[in-house]
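Keep in mind that the numbers below use all heavy atoms, side chains included, and drop hydrogens, waters and symmetry copies. Note that the structure is predicted; figures quoted are calculated from it, not measured.
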Amino acid sequence: MVIDERRFLDDLHTLRSFGASGVGRGVVRRAFSEADIAARDWLATRFEEAGLRVQMDPVGNLFGLAGGPSLLMGSHSDTQPEGGWLDGALGVIAALEVARCHRGVSVVSFQDEEGRFGGLTGSSVWSGYSALAEVDLHEDHDGVSLGQARAAISDRVGDPVDPAQFTGFIELHIEQGLTLDAAGEQIGVVTDIVGTRQIPITYLGQQNHAGTTRMDLRRDAFQAVSAFNERINDRFRNVVTPTTVWTVGHVALHPNAGSVVPGRATFTMQWRDGDARRLRQMEQIVRGTAQEIAAERDVAVSFGEMWELEPTHMDARLRGALEKGAAVVAPGKWRCMPSGALHDATNVARLMPVAMLFVPSIGGISHAFEEDTDEADLVAGVRVLGEAAQALISAS
């Protein structure tokens with residue numbers, strides 16, 4: 001059997017219809033939303049039609065299982081609040097098409113990769129990194145807990161899926177960066193996925209009247225955030241590399257009113273790097289700088305629980321199969337490269353060997369309605385995946 005390119009693209013466009021935004025090829029399909037559940041029901045039907053046994057585990061991960069030991073492929077099908085049509089979805093539909101051609105392939109769509117309730121939630125629970133009872137308590141920005149959201153799929157879930165039946169995991173994904181597109185290349189074989197740290201930091205000052213409180217007497221919590229944001233760049237200067245990234249994000253002020261000096265400001269500080277030692281060094285700098293600012297501004301500082309994922313190296317055997325497939329499908333138009341974005345493969349690596357494959361993102365844009373990839377590159381990606389599957393299954 002060979003890859004049916006038209007069927008693959010048609011399925012990819014059909015999946016986009018669940019939560020289509022009406023803006024370009026945008027999609028709004030948050031985990032456990034009506035659109036997400038409808039998409040999973042449709043995927044389950046397509047899995048069955050491909051001869052796979054459908055099983056949804058307690059956290060909502062959807063599997064299409066081949067008989068006997070198999071190679072697992074897939075990604076996720078939920079989106080950011082304003083997402084594109086390919087982030088995650090490409091990997092699921094490509095895996096489905098490969099499974100139609102190779103009977104030793106199983107498919108998965110992990111749940112809540114995009115972090116409505118944390119980050120990489122479904123694969124985190126499946127890998128044993130997080131306990132379902134604990135993540136059930138996590139709330140989204142509207143105060144809805146994961147446990148409450150899961151009630152919408154209670155009639156669909158079954159037992160956990162045993163990872164021992166899988167010989168490895170391969171995830172196809174859009175790059176979400178500019179490297180491949182800028183170079184005019186079609187395929188990126190991932191070498192490793194960077195590690196990530198994220199910690200919530202809170203400054204507590206004194207809420208006060210914005211018109212009567214002199215500037216030199218203010219204990220303004222937001223000014224502390226602003227000072228931290230400026231100083232952290234300088235503190236990192238002699239530690240980071242050109243590929244290290246960090247972000248101050250999700251700032252929440254209290255009481256968040258125009259005529260009130262903010263008494264409390266909470267924000268997230270996130271940093272990513274491929275070196276675990278450097279990640280630890282950056283943590284020390286983050287904590288030290290935050291405390292330094294607090295002392296200077298006469299505010300209190302506190303740190304929440306840090307979310308952390310270690311750098312993940314791809315398996316040599318699986319990666320080698322992808323490299324050979326890339327050389328066949330896209331000779332002279334592929335490269336080996338790291339991933340600066342997080343992926344479910346990071347969690348799955350706790351259970352089995354993993355590898356990843358990238359196709360270009362036009363303009364390097366992702367997590368936005370404008371996200372797109374040329375269809376020829378999409379087809380190249382699924383063809384490389386098929387070449388790798390054939391080689392790996394034949395060798396097993």
Side-chain angles (χ1 to χ4, degrees), residues 112 114-121 124-125 127 129-131 133-146 193-208 218-241 244-256 260-312 340-342 346-347:
D112 194 30
E114 296 293 7
R116 178 183 172 189
F117 298 98
L120 311 181
T121 308
S124 182
V125 171
S127 70
Y129 184 65
S130 301
E134 293 179 0
V135 298
D136 262 346
L137 303 177
H138 293 179
E139 295 182 348
D140 65 12
H141 295 318
D142 296 319
V144 178
S145 71
L146 174 61
I193 303 172
V194 298
T196 300
R197 302 288 187 270
Q198 179 170 300
I199 188 169
I201 303 175
T202 298
Y203 282 120
L204 186 63
Q206 177 61 61
Q207 180 178 323
N208 214 331
R218 294 188 179 196
R219 297 170 59 217
D220 187 326
F222 179 67
Q223 289 298 320
V225 177
S226 180
F228 172 88
N229 183 49
E230 180 177 4
R231 191 169 301 176
I232 197 68
N233 296 331
D234 182 65
R235 293 291 189 268
F236 281 161
R237 190 177 309 280
N238 295 321
V239 175
V240 300
T241 73
T244 311
V245 296
W246 59 95
T247 305
V248 171
H250 199 261
V251 179
L253 304 181
H254 180 85
N256 201 25
V260 182
V261 176
R264 183 174 70 243
T266 298
F267 64 99
T268 57
M269 177 63 197
Q270 182 188 102
W271 59 103
R272 306 187 189 201
D273 193 89
D275 186 318
R277 179 196 58 79
R278 185 175 293 109
L279 289 170
R280 290 192 295 272
Q281 188 175 1
M282 292 174 72
E283 179 190 353
Q284 295 173 349
I285 294 171
V286 167
R287 293 181 183 273
T289 302
Q291 292 166 341
E292 182 180 284
I293 295 295
E296 293 175 4
R297 298 275 172 169
D298 193 21
V299 297
V301 64
S302 61
F303 302 91
E305 182 179 357
M306 188 167 68
W307 181 59
E308 52 190 305
L309 290 172
E310 295 302 315
T312 303
L342 297 178
T346 295
N347 283 323

| Is there a side-chain contact between Trp307 and Thr196, using heavy atoms and a 4.5 Å cut-off? | yes
| message | In the structure I gave you, are the side-chain heavy atoms of Ile293 and Val301 within less than 4.5 Å of one another anywhere? | response | no
| How far apart are the closest heavy atoms of Val286 and Ile232, and which atoms are they? | CA-CD1, 4.1 Å
| Exercise: identify the closest heavy-atom pair between Val225 and Ala265 | CG2-CB, 3.6 Å
| Going from CD1 on Ile285 to CZ on Phe236, what distance comes out if it is rounded to the nearest 0.5 angstrom? | 5.5 Å
| said: Going by side chain to side chain donor-acceptor pair (under 3.5 Å), name the residues that satisfy it together with Asn256, two or more places apart in sequence or in a different chain. | reply: none
| said: For a quick test of reading the model, state the closest non-hydrogen atom pair linking Pro255 to Gly263 and the distance between them. | reply: CD-N, 4.5 Å
| request: In sequence, state the C-alpha distance, the side-chain angles, and the governing distance for Glu230 and Arg235, and then conclude on salt bridge (charged side-chain N to carboxylate O under 4.0 Å, His left out). | output: CA-CA 9 Å; Glu230 180 177 4; Arg235 293 291 189 268; over 6 Å; no
| said: With a 3.5 Å distance limit and no angle check, can you tell me whether Asp273 reaches the backbone of Asp275 through a side-chain donor-acceptor pair? | reply: yes
| task | Measure the shortest side-chain to side-chain distance between Asp234 and Arg237 over non-hydrogen atoms and say whether it is less than 4.5 angstrom. | result | yes
| said: Quick check on Glu296: does its CD atom have over 12 non-hydrogen neighbours (other residues, nucleotides or ligands) under 6.0 Å away? | reply: yes
| message | To the nearest 0.5 Å, what is the distance between OG1 on Thr346 and CG on Leu309? | response | 6.0 Å
| remark: So CZ of Phe267 and OG1 of Thr247: to nearest 0.5 Å the spacing works out to 12.5 Å
| Closest heavy-atom pair and its distance - Asn229, Val248 | OD1-CG2, 3.5 Å
| field | Flag side-chain contact, heavy atom, 4.5 Å: Ile199 against Trp271 | value | yes
| message | Please report the interatomic distance CE(Met269) to CZ(Phe303), rounded to the nearest 0.5 Å. | response | 11.5 Å
| message | Assess the residue pair Asn233 and Trp246 against the criterion (side-chain hydrogen bond (donor to acceptor under 3.5 Å, both in side chains)); give the C-alpha distance rounded to whole Å, side-chain angles, the decisive distance to 0.1 Å, and a yes or no. | response | CA-CA 9 Å; Asn233 296 331; Trp246 59 95; 2.8 Å; yes
| If you take all heavy atoms of Ala224 and Val299, which pair is closest and at what distance? | CB-CG2, 4.1 Å
| Val239 side chain reached by Arg278 side chain, heavy atoms, under 4.5 Å | yes
| Is NZ or CZ of Arg297 both nearer than 6.0 Å to the six-membered ring centre of Tyr203 and within 45° of the ring axis? | no
| request: Let me see the working for Arg264 and Thr202 under side chain to side chain contact (heavy atoms under 4.5 Å, CB included), right down to the final yes or no. | output: CA-CA 7 Å; Arg264 183 174 70 243; Thr202 298; 3.7 Å; yes
| task | Report the distance from atom OG1 of Thr266 to atom CD1 of Ile201, rounding to the nearest 0.5 Å. | result | 10.0 Å
| Closest approach of Ser124 to Ser130 (non-hydrogen atoms, all atoms of both residues) | OG-OG, 2.5 Å
| remark: Between the CZ atom in Arg231 and the OG1 atom in Thr289, the distance rounded to the nearest 0.5 Å is 7.5 Å
| said: Against Leu146, only a single residue in Leu137, Val125, Asp136 fulfils side-chain contact (heavy atoms from CB on, under 4.5 Å); can you say which? | reply: Asp136
| message | Any heavy-atom pair between the side chains of His141 and Arg116 that's under 4.5 Å? | response | no
| Where the side chain of Ser145 meets the backbone of Glu139, is there a donor-acceptor pair that is under 3.5 Å apart? | no
| remark: The residue among Glu305, Gln270, Glu308, Arg272 that forms side-chain hydrogen bond (donor to acceptor under 3.5 Å, both in side chains) with Gln198 is Gln270
| field | Pair Gln284, Arg280: side-chain N/O donor-acceptor within cut-off below 3.5 Å | value | no
| query | Between Thr244 and Thr241, does any side-chain donor sit less than 3.5 Å from a side-chain acceptor? | reply | yes
| message | A side-chain contact here means heavy atoms from C-beta on lying under 4.5 Å apart; do Pro262 and Gln207 qualify? | response | no
| With no hydrogens and no angle check, is any side-chain donor or acceptor of Asn347 less than 3.5 Å from a backbone partner on Ser127? | no
| query | Any side-chain heavy atom of Arg287 within less than 4.5 Å of one from Met282? | reply | no
